[in-house]
Amino acid sequence: MGLLTIIRKNRQKEREMRILFLGLDNAGKTTILKRLNGDDVREVSPTLGFEIKTFVRGKYTLNIWDVGGQRSLRPYWRNYFEQTDALVWVVDSSDRLRMDDCKAELDGLLSEDRLAGATLLVFANKQDLDGALSDAEIRDALALRSIMSHHWKIIPCSAVTGENVVEGVDWVVNDVAGRLYYGSVESSL
């Protein structure tokens, strides 16, 4: 995010955040958003293309872009990068076989100029499943400690049970608000 965008947002006091939900297919992006919206999470179909959800958290309006993660759709992710304040990278913690693919895709995203400086939340989803990698194992597999270009955090969660989903979104809102709205962070959203 460029300096002019930060200045514009601060001057206009628009209190809107653009959050991009990405991850490999079947990671649980849409299920997390359904959980946040209070929708039924028992039946979720793959996102073909994208969906936009708008939520209000505290005094901020979150425009969340949920983009499909199928291999055929990944080249189009770059069409959604403009003016992104935060990237939420959702990982299927039980999908050990695709962790290298997950790391490669995340590394590619973090090198994109239009995502420079965006807050990064990694949701280690599906923690409710037997054999799921821990958040520490995912942190190491994705080499998150080497990320210096983005303020990041990893949070273990379960979209099905709702565990830590709201806490993760609140962390994103607080982090973005602290960066863009100069100390106007609400401690209790």
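Only heavy atoms go into these numbers, but all of them, side chains included; no hydrogens, no water, no symmetry mates. Residue numbers count from 1 along this sequence.
Between D170 and R57, at least one side-chain N (NZ, or NE/NH1/NH2) sits under 4.0 Å from a carboxylate O, which counts as a salt bridge. Looking at R98 and D95, a side-chain N of the basic residue comes within less than 4.0 Å of a carboxylate O on the acidic one, giving a salt bridge. Contact check on D140 versus K103 returns no salt bridge, with no Lys/Arg side-chain nitrogen under 4.0 Å from an Asp/Glu carboxylate oxygen. Salt bridge annotation for K34-D66: absent, with no cationic side-chain nitrogen under 4.0 angstrom from a carboxylate oxygen. Taking 4.0 Å as the cut-off between side-chain N and carboxylate O, K153 and D175 do not count as a salt-bridged pair.
L144 has its side chain within reach of L106: a pair of non-hydrogen atoms, C-beta onward, lies under 4.5 Å apart. Residues L87 and L121 are not in side-chain contact: their nearest non-hydrogen atoms beyond the backbone lie 4.5 Å or more apart.
Taking both residues in full, the closest heavy atoms of F123 and C157 are given as CD2-SG, 3.5 Å, listed atom of the first, atom of the second, then distance. Nearest heavy atoms, R96 versus L133: NH1-CD2, 2.9 Å.
Among residues at least two apart or in separate chains, ring pair (Phe, Tyr, Trp, His ring centres under 6.0 Å) pairs with a member in residues 79-101 are F50-Y80, W65-Y80, W77-W89. Residue pairs meeting the ring pair (Phe, Tyr, Trp, His ring centres under 6.0 Å) criterion with at least one partner in residues 138-159, sequence neighbours excluded, are H151-W171.
Of the options V122, L24, N125, a side chain to side chain contact (heavy atoms under 4.5 Å, CB included) to V91 is made by V122 and by none of the others.
Residues passing the side chain to side chain donor-acceptor pair (under 3.5 Å) test with K29: none are found, sequence neighbours excluded.
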